[in-house]
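Have a look at the structure below, then the notes.
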Amino acid sequence: MGFPVVRMRRLRANEGLRRLVGETKLSVDALVYPLFVTHGQGVKNPVPSMPGIYQWSVDNLLAEVAEVAALGIPAVLLFGIPREKDALGSEAYAADGVVPQAVRAIKARFPELVVITDVCLCEYTSHGHCGLVDDGQVLNDPTLEFLARAALAHAEAGADMVAPSDMMDGRVQAVRTKLDAHGYSGVPIMSYAAKYASAFYEPFREAADCAPQFGDRAGYQMDPANAREALREIELDLAEGADIIMVKPALAYLDVIRRARERFTCPLAAYNVSGEYAMLKAAAARGWLDERRAVMEVLTAIRRAGADIIVTYFAKDVARWLGEKGAH
Ligand code: PBG
């Protein structure tokens, strides 16, 4: 049977009908808000390529976190900007590093907020790579112990979850083993399992001051051309003990999110990265598109592709919009 008996427009006739048949609902429950934390006091440094996003000192961070919690956002993801960078990324695994300090401060004031920490070396190394470097090479195996120590430092400070983003082989196992050996078997790992070597991280590298000082990350992050390989990465991370797996970036990789969703039963996160944020912000600032509609469309699409969790710099806006009467 077809037209004229069938008319697809019938169920689009008004807002109520559209709400009833909407297949994908965006909810504040799915959102994780990334935060950049830096040393000092009273710091609120704007990130030029990411309007609305700042580097916060711990004191100021608490006010921002209060806003996040009040909006009902369940989780934040912390990135640290160290006082000093060195070849070994020492502050990444220092007990008094900026991230452990922030974790302690947040958990003391907002015990019910889920605090996730990024586990990587690139923000902390002078060369800007995610692992140790020797003779121009990013070393895999020697890096693992340092990543594991970083995860442990975060867990000891009270982090609810750790999120390794470095793309070294075997890091999930190294982190799991270290956490378990120190009594943190209850701390879950959200693994950036399928993380691509993407042009869309550029604004983040300004925010976290972590651009590689030589070469690029193509030797450890994934080739954007590959999707089957992403499934293999995810499979391996799950076998090593990952609790939540992530695909990153989101928008150019919706097919990867969909394939991961169909293949695996674990919770799936997608990272709506800095470049995706910057593109919409830049276009909206010029009046070239309606920011609210574009953001809701993009995040709904990431959910439709199959992500349970969305890490996004738009989390506060979306929570606000969802909370407004008549917002869907
Ligand atoms: C660090 C890290 C990066 C991002 C998250 N963790 C940058 C990179 O790999 O170069 C990117 C996040 C974003 O762009 O929003 N390893």
Side-chain angles (χ1 to χ4, degrees), residues 31-37 47-55 76-82 85 89 91-93 98-99 116-125 127-133 138 140 143-144 146-147 150-151 154 161-169 171-172 175 189-224 233 245-253 269-282 295 298-299 302 307 309-315:
L31 303 177
V32 177
Y33 189 56
L35 288 166
F36 299 99
V37 54
V47 180
S49 54
M50 301 176 72
I53 300 296
Y54 302 85
Q55 300 173 336
V76 293
L77 173 59
L78 299 184
F79 294 93
I81 298 125
K85 297 173 189 277
E91 200 184 310
Y93 36 89
V98 72
V99 165
I116 311 171
T117 57
D118 184 76
V119 172
C120 195
L121 299 190
C122 69
E123 297 102 300
Y124 303 91
T125 49
H127 45 71
H129 279 289
C130 303
L132 305 186
V133 167
V138 179
N140 193 89
T143 299
L144 301 179
F146 294 93
L147 293 168
H154 298 174
M161 193 184 308
V162 293
S165 68
D166 50 280
M167 288 300 278
M168 299 300 122
D169 288 316
R171 81 280 173 70
V172 173
V175 167
I189 298 174
M190 175 164 75
S191 168
Y192 291 66
K195 177 174 178 180
Y196 287 87
S198 172
F200 292 96
Y201 305 150
E202 212 61 41
F204 174 95
R205 291 177 186 172
E206 181 171 66
D209 184 24
C210 70
Q213 299 303 300
F214 68 89
D216 56 32
R217 303 209 203 288
Y220 42 107
Q221 298 180 347
M222 283 184 57
D223 180 347
E233 281 281 6
I245 49 146
M246 189 197 287
V247 173
K248 175 185 174 191
L251 282 186
Y253 302 88
Y271 201 136
N272 176 223
V273 299
S274 58
E276 300 171 11
Y277 178 82
M279 284 195 296
L280 291 189
K281 280 289 185 190
V295 170
V298 157
L299 296 196
I302 295 170
I309 297 166
I310 306 176
V311 182
T312 178
Y313 304 96
F314 289 115

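Not measured: the values here are computed from a predicted model. Read the numbers this way: they start at 1 and go in the same order the structure lists the ligands and their atoms.
With a 4.0 Å cut-off on non-hydrogen atoms, Ser274 touches ligand 1 through its backbone as well as its side chain. Both the backbone and the side chain of Ser165 come within 4.0 Å of ligand 1, counting heavy atoms alone. Using a 4.0 Å cut-off between heavy atoms, Tyr271 contacts ligand 1 through its side chain alone, with no backbone atom that close.
Nearest non-hydrogen protein atom to atom 8 (C) of ligand 1 is Arg217 NE, 3.5 Å. Protein heavy atom closest to atom 11 (C) of ligand 1, with residue, atom name and distance, is Lys248 NZ, 2.8 Å. The single protein non-hydrogen atom nearest to atom 3 (C) of ligand 1 is Phe204 CE2, 3.3 Å, given as residue, atom name and distance. The shortest contact between atom 1 (C) of ligand 1 and any protein heavy atom is with Cys122 SG, 3.3 Å.
Once rounded to the nearest 0.5 Å, the distance linking OG of Ser191 with CD1 of Ile245 reads 8.0 Å.
In this structure, Tyr313 counts as a contact residue of ligand 1, since one of its heavy atoms falls inside 4.0 Å of the ligand. Ligand 1 lies within reach of Lys195, whose nearest heavy atom is under 4.0 Å from it. Residue contacts with ligand 1: Asp166 is excluded, as none of its non-hydrogen atoms falls under 4.0 Å. Between Glu202 and ligand 1 there is no heavy-atom distance shorter than 4.0 Å.
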**OP:** Any chance you could lay out the side-chain contact (heavy atoms from CB on, under 4.5 Å) test for Tyr196 and Val273, step after step, and finish with the verdict?
**Re:** CA-CA 11 Å; Tyr196 287 87; Val273 299; over 6 Å; no
**OP:** For the pair Arg171 and Thr143, evaluate side-chain hydrogen bond (donor to acceptor under 3.5 Å, both in side chains) and give the outcome as yes or no after the intermediate values.
**Re:** CA-CA 9 Å; Arg171 81 280 173 70; Thr143 299; over 6 Å; no
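Tyr313 pairs in a side chain to side chain contact (heavy atoms under 4.5 Å, CB included) with only one of the listed residues (Leu280, Val295, Ile53), which is Ile53.
Checked by distance only, ligand 1 and Glu123 stay at 3.5 Å or farther apart across all their nitrogen or oxygen atoms.
Within a 6.0 Å radius of CZ in Phe200, no more than 12 heavy atoms belonging to other residues, nucleotides or ligands are found.
A cation-pi arrangement is present between Lys248 and Tyr201, with the terminal nitrogen or guanidinium carbon under 6.0 Å from the aromatic centre and inside a 45° cone about the axis.
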